[in-house]
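Down below is the structure, laid out as structure tokens.
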Amino acid sequence: MSPPPVTRFAPSPTGELHLGNARTALFNLLLARHAGGRFLLRIEDTDTERSVEAHVRALLEDLTWLGLEWDAGPDRDDALGPYRQSQRGALYAGYFAQLEERRAVYPCFCTPLELELARRAQLAAGKPPRYAGTCRNLSTEERARRAAQGVPATLRFRVPAGARIEWADLVHGAQSFATDDIGDFVVRRADGSAAFFFSNAVDDASMGVTLVLRGEDHLTNTPRQLLLLEALELTAPAYGHVALLLGADGAPLSKRHGAASVREYRERGYQPFALLNHLFRLGHSSALQGLLTLAEMARGFDPKHLGRAPARFDEQQLTVWQKDTVHHLSPEAAREWLKAVLPRELDARTATAFVSAILPNLVLPADALPWVEIVFGGPPALEEGGEAVVRNAGAGYFAAAAAAAATTGNDLAAIAGAARAASGRQGRELYMPLRLALTGRAHGPELAPLLKALPPGQARERLARFA
RNA sequence: GCUCCCUUCGUCUAGAGGCCCAGGACAUAGCCCUCUCAAGGCUGUAACACGGGUUCGAAUCCCGUAGGGAGCGCCA
């Protein structure tokens, strides 16, 4: 029996939570829950230039809104924390010292400009843009001299030559990379802060993370982290690289596709469970059908069923989940969901009647707007072509219907019954003139419940118009 | 440029040499139900990127080609 897994989501707070990252978070959470393990949230804010506190808050909000709860994180500290990399400097210092002691790293005095020029020259010459090793073999004296001059230096990892780095990727299987294809990389910036390869790998190890599911964009970077961990004699987690999420057109998901962040979908009125159910099946397959709860997803999640090919985020598919979620909302939840579009002064009973009537026809809150106007905005004008249908039913039909509405309340059976008795009409012939007179439209939610939401006297008034 | 990853119906995917002239879900078309819409039921259309090999047999293994993507940063 292997120990329970520890997984993590380690976002950088540089913007809104991207859908691809949300999926990564979901998968890691499910992976942990599936086996009774722990799911950690670590904020990777070593880049103080781009990390913004407001983004951290937004990130936690979005994850919470989705229902993705972490066992430990920036707001839930424990012995393994702190969970913000900007607060882990002391721990990093110890590991930097170890690397220096073992001569696994060396100071690099190259300036950003020099490096940029070198990179461009290499690219232009058709060569891989890798660090040329300028500072790799400086003498001890030379290093001391430059340091004494106060030349700022980064710390670079000395990548061993002629070796191969191999690992079994959870998604892609056996991987093998030649160290000769990897340039010496920066582990500590000139300002003393830790660089991604370093802090990310070191934190996974020091936090006891055993399983890392991350974006495929990290696949070719993995050998660097493995090298680093090996030099530090730390245990590497098992890595799985999930294919990227694309837009409906097959291009990387971005703003161009309308929305690429959780926040945007949330603001448009999408339900968290709709989003979650969609993400669950993107790049992952499950025999489970239908709308799933997080617990059900956790039970059914299997890293063996993670796909290797990139998946497209198709809003049409999301809409299917959204409909399903919305149609199953309780009347209370539905009222809350529609709060922004419902008239303010509506009493609870009417609001519930109205919401229950139109819910089966909604996908997003905005879809309720026309019905608010139709039901609460007074007798609606007839749509194109409605006039003829109404006229054809005749004045007697509507006189009987209006009378029934006045005496029996907003009861469709009574109203239709009276109209039937007066006109002899049945089926569509019977109901369509009623629908038109009451809503102005030929299409819409079921009439009976809609009638119940109509303000007092409105049914009679709307029908009497054509008597 | 180099290294690496990927390629099954419109979309998400099942498929780990014979169970596949490729299965499911959603979308789509038709029918049924029905006061309309939605929901529901039934039926249908629709895919192994291409070319070589290996094998009695390949969607599955190997090699190429094409297309897409990532990485090669004092970003993460």
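Every heavy atom of this structure was used, including side-chain atoms; hydrogens, water molecules and symmetry mates were not.
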(message) Using every non-hydrogen atom in the two residues, find where A:Leu229 and A:Ala201 come nearest and quote the distance to one decimal.
(response)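 Shortest heavy-atom contact: CD1-O, 3.6 Å.
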When you compare [N] with [M], how far apart are their [atom1] atoms, in angstrom units rounded to a whole number?
N	M	atom1	answer
B:rG23	B:rA59	P	14 Å
B:rG24	B:rC9	P	16 Å
B:rA58	B:rC50	P	15 Å
B:rC35	B:rC48	P	44 Å

Figure out the [atom1]/[atom2] separation between [X] and [N], and round it to whole Å.
X	N	atom1	atom2	result
A:Tyr92	B:rC74	OH	C1'	16 Å
A:Asp249	B:rU11	CG	P	12 Å
A:Leu117	B:rG73	CG	C1'	15 Å
A:Phe198	B:rC75	CZ	P	16 Å
A:Asp181	B:rA70	CG	C1'	15 Å

(request) Tell me which of A:Leu447 and A:Val320 sits closer to the 5' end of RNA chain B, going by the nucleotide each one is nearest to. (result)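 That would be A:Val320.
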(request) For A:Phe109 and for A:Asp314, find the nucleotide of RNA chain B with the closest heavy atom, then tell me which residue's nucleotide is more 5'. (result)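 That would be A:Asp314.
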(request) Ignoring backbone atoms, test whether A:Arg130 places a side-chain nitrogen or oxygen under 4.0 Å from the OP1 or OP2 oxygen of B:rG73. (result)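 For A:Arg130, the contact criterion (side-chain N or O under 4.0 Å from OP1 or OP2 of B:rG73) is not met.
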(message) For A:Tyr265 and A:Tyr270, take the angle between the two ring planes, folded into 0 to 90°, and tell me which bin it lands in: parallel under 30, tilted 30 to 60, perpendicular over 60.
(response)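 Perpendicular, since the angle between the ring planes exceeds 60°.
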(message) Once you measure the plane-to-plane angle for A:Tyr92 and A:Phe198, does it fall in the parallel (<30°), tilted (30-60°) or perpendicular (>60°) bin?
(response)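 Rings of A:Tyr92 and A:Phe198: perpendicular, over 60°.
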State which of [options] makes the closest approach to the side chain of [X].
X	options	answer
A:Asn221	B:rG1, B:rG71, B:rC74	B:rG71
A:His172	B:rC4, B:rC72, B:rC5	B:rC5
A:Gln289	B:rA27, B:rA76, B:rG24	B:rG24
A:Gln175	B:rC5, B:rA76, B:rA25	B:rC5
A:Thr220	B:rA70, B:rC35, B:rA27	B:rA70
A:Leu115	B:rA70, B:rC74, B:rC4	B:rC74
A:Glu216	B:rG71, B:rC5, B:rC74	B:rC5

Searching all strands shown, indicate the nucleotide that pairs with [N] (Watson-Crick or G-U wobble; both distances under 3.5 Å).
N	value
B:rC37	none
B:rG57	none
B:rC42	B:rG30
B:rG51	B:rC63
B:rC21	none
B:rG71	B:rC2

(message) I'd like to check A:Arg88 versus A:Asp203 (side-chain heavy atoms, cut-off strictly below 4.5 Å). Are they in contact?
(response)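 Yes, their side chains come closer than 4.5 Å.
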(message) salt bridge (charged side-chain N to carboxylate O under 4.0 Å, His left out), that's the test. Do A:Arg158 and A:Asp184 meet it? Break it down for me.
(response) CA-CA 5 Å; A:Arg158 193 188 297 276; A:Asp184 291 351; over 6 Å; no
(request) Give a yes or no on whether a salt bridge exists between A:Arg119 and A:Glu116, defined as a side-chain N under 4.0 angstrom from a carboxylate O. (result)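 Here A:Arg119 pairs with A:Glu116 in a salt bridge, since their nearest N and O are under 4.0 Å apart.
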(request) Would you verify whether the NZ or CZ of A:Arg156 falls within 45 degrees of the ring axis of A:Tyr131 while also being under 6.0 Å from that six-membered ring's centre? (result)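 Verdict for A:Tyr131: a cation-pi partner in A:Arg156.
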(request) Mark yes or no: A:Arg42 above the aromatic ring of A:Trp70, with NZ or CZ under 6.0 Å from the six-membered ring centre and no more than 45 degrees from the axis. (result)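 No, a cation-pi geometry is absent between A:Arg42 and A:Trp70.
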(request) To the nearest 0.5 Å, tell me how far A:Asn21 CG sits from A:Ser12 OG. (result)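 Answer for the CG-OG pair, A:Asn21 versus A:Ser12, is 9.5 Å.
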(message) Please enumerate all residues that pass ring pair (Phe, Tyr, Trp, His ring centres under 6.0 Å) together with A:Phe398, with sequence neighbours excluded.
(response)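 Partners of A:Phe398 under the ring pair (Phe, Tyr, Trp, His ring centres under 6.0 Å) test: A:Phe466.
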(message) Treating A:Arg425 as the side-chain partner and A:Leu430 as the backbone partner, does any N or O pair qualify as donor plus acceptor under 3.5 Å?
(response)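 Such a contact is absent between A:Arg425 side chain and A:Leu430 backbone.
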(request) Under 4.0 Å between any heavy atoms, over every strand shown, what does A:Phe185 touch: base, sugar-phosphate, or nothing? Just pick one. (result)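 The answer is nothing, as A:Phe185 stays clear of every strand by at least 4.0 Å.
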(message) Base, sugar-phosphate or nothing for A:Arg188? Non-hydrogen atoms, less than 4.0 Å.
(response)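 It contacts nothing in the nucleic acid.
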Protein-nucleotides 12-17 of chain B N/O pairs under 3.5 Å:
{"from": "B:rC12", "atom 1": "OP1", "to": "A:Arg312", "atom 2": "N", "distance (Å)": "3.0"}
{"from": "B:rC12", "atom 1": "O2'", "to": "A:Arg281", "atom 2": "O", "distance (Å)": "2.4"}
{"from": "B:rU13", "atom 1": "OP1", "to": "A:Gly283", "atom 2": "N", "distance (Å)": "2.2"}
{"from": "B:rU13", "atom 1": "O3'", "to": "A:Ser285", "atom 2": "OG", "distance (Å)": "3.4"}
{"from": "B:rA14", "atom 1": "OP1", "to": "A:Ser285", "atom 2": "OG", "distance (Å)": "3.0"}

Any protein N or O atoms within reach of nucleotides 38-43 of chain B? Criterion: under 3.5 Å, listing atom names and distances.
{"from": "B:rA38", "atom 1": "O2'", "to": "A:Pro360", "atom 2": "O", "distance (Å)": "2.9"}

